[in-house]
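Some notes on the structure that comes next.
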Amino acid sequence: MVIEKICCLGAGYVGGPTCSVIALKCPDIRVTVCDMSVERINQWNSEKLPIYEPGLDEVVQKCRGKNLFFSTDIAKGIREADLIFISVNTPTKLYGNGKGRAADLKYIEGAARMIAELATSNKIVVEKSTVPVKAAEIIMKILRANTKPGVEYQILSNPEFLAEGSAIVDLLEADRVLIGGEDTAEGHEAVKKLCWVYEHWIDTKNILTTNTWSSELSKLAANAFLAQRISSINSLSAVCEATGADVSEVARAVGKDSRIGPKFLEASIGFGGSCFQKDILNLIYLCECLNLPEVAAYWQQVIDLNDYQKTRFTRKVIESLFNTITDKKIAILGFSFKKNTGDTRESPAIHVAKTLLEEGAKLHIYDPKVEHDQIFFELTHPSITSEPELFRKNIQIHNTAYSAIAGTHAIVLCTEWDEFKELDYKKIYDVMMKPAYIFDGRKILDHDSLVNMGFHVQTIGKRLSRTNSLRAQGSQAQP
Ligand SMILES: NC(=O)C1=CN([C@@H]2O[C@H](COP(=O)(O)OP(=O)(O)OC[C@H]3O[C@@H](n4cnc5c(N)ncnc54)[C@H](O)[C@@H]3O)[C@@H](O)[C@H]2O)C=CC1
Ligand SMILES: O=C(O)[C@H]1O[C@H](OP(=O)(O)OP(=O)(O)OC[C@H]2O[C@@H](n3ccc(=O)[nH]c3=O)[C@H](O)[C@@H]2O)[C@H](O)[C@@H](O)[C@@H]1O
């Protein structure tokens with residue numbers, strides 16, 4: 001039952017942390033994480049890792065150079081490994097058949113072709129990336145069509161369920177590990193070997209084994225269910241704002257039902273991150289290909305509602321500021337798609353900032369972990385604007401929340417970083433233009449005390465007494 005060497009293709013948000021934890025828990029296994037990006041591998045080998053993830057630095061420091069290696073020598077990694085994780089990106093297709101919905105499997109195919117070309121001994125190839133159902137068949141076809149004499153492959157599906165910002169805890173204390181394989185003697189043997197790796201720290205009863213297609217579909221299903229809960233509570237947040245109900249109270253009351261449960265019921269400005277939207281689109285495309293239009297339409301609603309929530313929030317900001325924000329200074333607090341990560345992929349803050357910039361606002365942005373260049377990259381990307389220089393001129397990035405806020409008309413809180421709860425809002429009130437507005441897109445601030453200080457406060461899913469919004473007043477008042 002021995003796996004002595006593991007290679008992982010893809011040193012990203014999944015490959016890096018997952019393999020670091022495997023190395024930590026399996027000192028008897030040599031783990032090599034490979035990537036084509038020299039820059040990324042250099043960062044993994046430096047003091048400043050390419051991703052921010054609580055607890056990751058410590059794990060890497062313990063294992064790197066002992067049984068954990070980061071390398072661009074993909075050929076060596078593949079040749080030496082008994083088991084290869086494919087942990088490459090699977091973005092939504094940007095062109096061609098299935099554009100905007102289907103998963104682009106070019107990196108998966110590229111990885112499979114590399115393995116086929118370079119492997120000289122038997123390999124267990126494990127799909128760690130999130131893929132459409134039946135992707136394992138594509139990998140198998142490529143490997144078997146190009147196999148060298150005497151080399152045999154087994155393909156397993158082992159999707160990853162970690163969430164960014166809590167990746168290390170999620171990996172160490174996984175609710176479950178899911179492994180799908182072929183229903184053959186060789187398939188069962190390969191599944192057993194991968195189970196053995198995880199059994200170093202995961203209770204056997206939490207390691208689920210299924211057929212390959214169930215495993216692939218379960219990953220899409222899990223993300224679709226999670227996103228659906230957020231869209232459900234966000235839909236109710238609009239009802240709360242219109243009626244005087246409070247979405248946090250509704251979520252608490254609903255979540256107390258043990259059949260529903262309390263998690264993932266935080267109303268917000270909408271979900272972001274690299275996967276929820278991509279994976280639901282992937283599921284929708286699959287349903288369309290399978291001629292299941294009603295099922296496709298059902299899941300499409302989860303995404304439509306998310307877009308509605310982002311737009312609804314941004315519209316509220318603009319309307320509250322007397323429907324004119326040209327040249328107004330607005331502070332954006334938080335740019336990552338959630339706290340405890342520097343990842344900005346599909347961050348709702350991008351939508352908010354883009355819309356405010358289009359209306360002529362001057363944005364002062366602060367995020368504790370996102371690199372300044374990354375913010376400029378996201379907001380001046382051709383998919384965001386055809387006038388990058390104009391946008392750039394109206395964006396200033398700050399190193400502290402206080403400096404971002406000084407002299408602004410409004411604060412728009414987009415990410416729920418803990419430090420935003422600790423700011424001295426009395427001091428902040430004094431240095432803002434009046435009337436001073438706060439739009440709390442994450443429901444993390446003490447709204448009553450902010451109102452008492454003099455702020456006009458708006459949040460998600462709750463009507464506050466002093467909002468001064470045009471819609472609330474039904475007037476066209478000017479400042
Ligand atoms: N980000 C997350 O929290 C989670 C992501 N996933 C899934 O895991 C997969 C990877 O996601 P991330 O790690 O976020 O992506 P990422 O973009 O951070 O990393 C992917 C890496 O793969 C590398 N790569 C591409 N082709 C390669 C090849 N042939 N050989 C070696 N390296 C290659 C790229 O250079 C890149 O560094 C995706 O399918 C995603 O849906 C699953 C669970 C959580
Ligand atoms: O496949 C993936 O990539 C991963 O996607 C999500 O993880 P992640 O996107 O990293 O982070 P989440 O904690 O799920 O948050 C996603 C978005 O939903 C938002 N959210 C989350 C929870 C909530 O109650 N309300 C809410 O608006 C977050 O702020 C964030 O923008 C899943 O939680 C992971 O299980 C999965 O492995």
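Each ligand, and each atom within it, is numbered from 1 in the order the structure gives. All values below come from the heavy atoms of this structure, side chains included, with hydrogens, waters and symmetry mates left out.
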Do me a favour and list the nearest non-hydrogen protein atom to atom 9 (O) of ligand 2 with residue, atom name and distance? Phe337 CE1, 3.5 Å

Among protein heavy atoms, which sits nearest to atom 21 (C) of ligand 1, and what does the distance come to when rounded to 0.1 Å? Asp35 OD2, 3.5 Å

Using a 4.0 Å cutoff against the non-hydrogen atoms of Lys278, which atoms of ligand 1 qualify? 40 (C), 41 (O)

If you take the centroid of each ring, where Trp contributes its six-membered ring, are His372 and Phe376 closer together than 6.0 Å? no

What is the nearest protein non-hydrogen atom to atom 39 (O) of ligand 1, stated with its residue, atom name and distance? Thr90 OG1, 2.6 Å

For atom 23 (C) of ligand 2, which candidate among Glu266, Gln277, Lys278 holds the nearest heavy atom? Glu266

Taking the six-membered ring for Trp, are Phe439 and Tyr437 parallel (under 30°), tilted (30 to 60°) or perpendicular (over 60°)? parallel

Strictly distance-based, threshold 3.5 Å: is any side-chain N or O of Lys354 a donor or acceptor partner for the main-chain N or O of Glu358? no

Check whether any side-chain heavy atom of Leu283 lies under 4.5 Å from a side-chain heavy atom of Asp279, and answer yes or no. no

Distance from atom 9 (C) of ligand 1 to nearest protein heavy atom, with residue and atom: Val88 O, 3.3 Å

Leu265 contact mode with ligand 2 (heavy-atom cut-off under 4.0 Å): backbone

So for Asp170 against ligand 2, with non-hydrogen atoms under 4.0 Å, the contacting part is neither

Going by the atom numbers of ligand 1, which of them fall below 4.0 Å from some non-hydrogen atom of Lys219? 43 (C)

So between Lys219, Glu160, Arg345, whose heavy atom ends up nearest atom 1 (O) of ligand 2? Lys219

Name all residues meeting the salt bridge (Lys or Arg N to Asp or Glu O under 4.0 Å) criterion together with Arg101; count only those two or more places apart in sequence or in a different chain, and write none if there are none. Glu288

Once you restrict to heavy atoms under 4.0 Å, what part of Leu162 touches ligand 1? Side chain, backbone, both or neither. both

Measure from the side-chain N and O atoms of Glu216 to the backbone N and O of Ala136, and report whether any donor-acceptor pair falls under 3.5 Å. yes

What atoms of ligand 1 come within less than 4.0 Å of a heavy atom belonging to Met114? 29 (N), 30 (N)

Inspect the contact between Glu160 and Lys219 and indicate whether a charged nitrogen and a carboxylate oxygen are less than 4.0 angstrom apart. no

Ranked by distance from atom 4 (C) of ligand 1, the top protein heavy atom is Val14 CG2, 3.2 Å

Considering only protein heavy atoms, which is closest to atom 3 (O) of ligand 2, and at what distance to one decimal place? Cys275 SG, 2.7 Å

Counting non-hydrogen protein atoms only, what is the nearest one to atom 42 (C) of ligand 1? Give residue, atom name and distance. Thr130 OG1, 3.6 Å

In this structure, atom 12 (P) of ligand 1 is nearest to the protein heavy atom Tyr13 N, 3.9 Å

For the residue pair Thr32 and Lys5, confirm or rule out a side-chain donor-acceptor distance under 3.5 Å. no

Is there any N or O on Thr130 that sits under 3.5 Å from an N or O of ligand 2? no

Interfacing atoms of ligand 1 (cut-off 4.0 Å, heavy-atom, Ser87): 10 (C), 20 (C)

Given Glu241, which of Lys316, Lys462, Arg463 fulfils the salt bridge (Lys or Arg N to Asp or Glu O under 4.0 Å) condition? Lys316

Check whether the side chains of Tyr52 and Asn340 place a donor and an acceptor atom closer than 3.5 Å, and report yes or no. no

For ligand 1, is any non-hydrogen atom under 4.0 Å from Arg345's backbone (N, CA, C, O), its side chain (CB onward), both, or neither? side chain

Under 4.0 Å from a heavy atom of Leu226: give me the atoms of ligand 2 that qualify, with their elements. 32 (C), 33 (O)

Among all protein non-hydrogen atoms, which one is nearest to atom 29 (O) of ligand 2, and what is the separation to 0.1 Å? Arg442 NH1, 2.7 Å

Of Leu156, Val88, Thr18, the one forming a side chain to side chain contact (heavy atoms under 4.5 Å, CB included) with Lys128 is Thr18

Suppose we measure from atom 17 (C) of ligand 2 to each protein heavy atom; which comes out shortest, and what is that distance? Gly272 O, 3.5 Å

If the cut-off is 4.0 Å to any non-hydrogen atom of Ala163, which atoms of ligand 2 fall inside it? 7 (O), 10 (O), 11 (O), 33 (O)

Identity and separation of the nearest protein heavy atom to atom 10 (O) of ligand 2: Glu164 N, 2.8 Å

Within the 3.5 Å criterion, strictly below it, is a donor on Lys123 or Ser121 matched to an acceptor on the partner's side chain? yes

Any Lys263 heavy atom less than 4.0 Å from ligand 2: no

Is it true that Gln309 and Ser237 share a donor-acceptor pair across their side chains at a distance under 3.5 Å? yes

Within a strict 4.5 Å, meaning less than it, do heavy atoms of the Tyr366 and Ile332 side chains meet? no

Closest approach of any protein heavy atom to atom 43 (C) of ligand 1, naming residue and atom: Glu160 O, 3.3 Å

Using a plain distance cutoff, I'd like to know if Asp279 has any nitrogen or oxygen under 3.5 Å from a nitrogen or oxygen of ligand 1. no

Is a side-chain donor or acceptor of Trp201 paired with a backbone partner of Leu171 at a separation under 3.5 angstrom? yes

Just let me know how Pro159 lines up against ligand 1, side chain, backbone, both or neither, with a heavy-atom cut-off below 4.0 Å. neither

Closest to atom 15 (O) of ligand 2 (judged by heavy-atom distance), picking from Lys338, Lys443, Glu416: Lys338

Note: ligand 1 atoms sitting under 4.0 Å from heavy atoms of Gly10 are 21 (C), 22 (O), 23 (C), 31 (C), 32 (N)

Any idea which protein heavy atom is nearest atom 1 (N) of ligand 1, and the distance to it? Glu164 OE2, 2.9 Å

Have Asp304 and Gln300 got a donor and an acceptor in their side chains that come within less than 3.5 Å? yes

Between Ser129 and ligand 1, find which residue part has any heavy-atom pair under 4.0 Å and reply side chain, backbone, both or neither. both

Side-chain contact test, heavy atoms from C-beta onward, threshold under 4.5 Å: evaluate it for Ile142 versus Glu109 and give yes or no. yes

What protein heavy atom lies closest to atom 16 (C) of ligand 2? Include the residue and the distance to one decimal. Phe276 CE1, 3.6 Å

For atom 20 (N) of ligand 2, closest protein heavy-atom neighbour: Ile230 CD1, 3.4 Å

Between Gln458 and Ser320, a side-chain donor and acceptor under 3.5 Å: yes

Between Lys310 and Glu346, is the salt bridge (charged side-chain N to carboxylate O under 4.0 Å, His left out) condition met? List the steps. CA-CA 12 Å; Lys310 288 186 275 188; Glu346 301 293 337; 5.3 Å; no

Taking the side chain as C-beta and beyond, is there a heavy-atom pair between Thr344 and Gln374 under 4.5 Å? yes

Just jot down the ligand 2 atoms closer than 4.0 angstrom to any heavy atom of Ser268, in number order. 26 (C), 27 (O)

Nearest protein heavy-atom contact for atom 35 (O) of ligand 2: which residue, which atom, what distance? Phe161 O, 2.7 Å

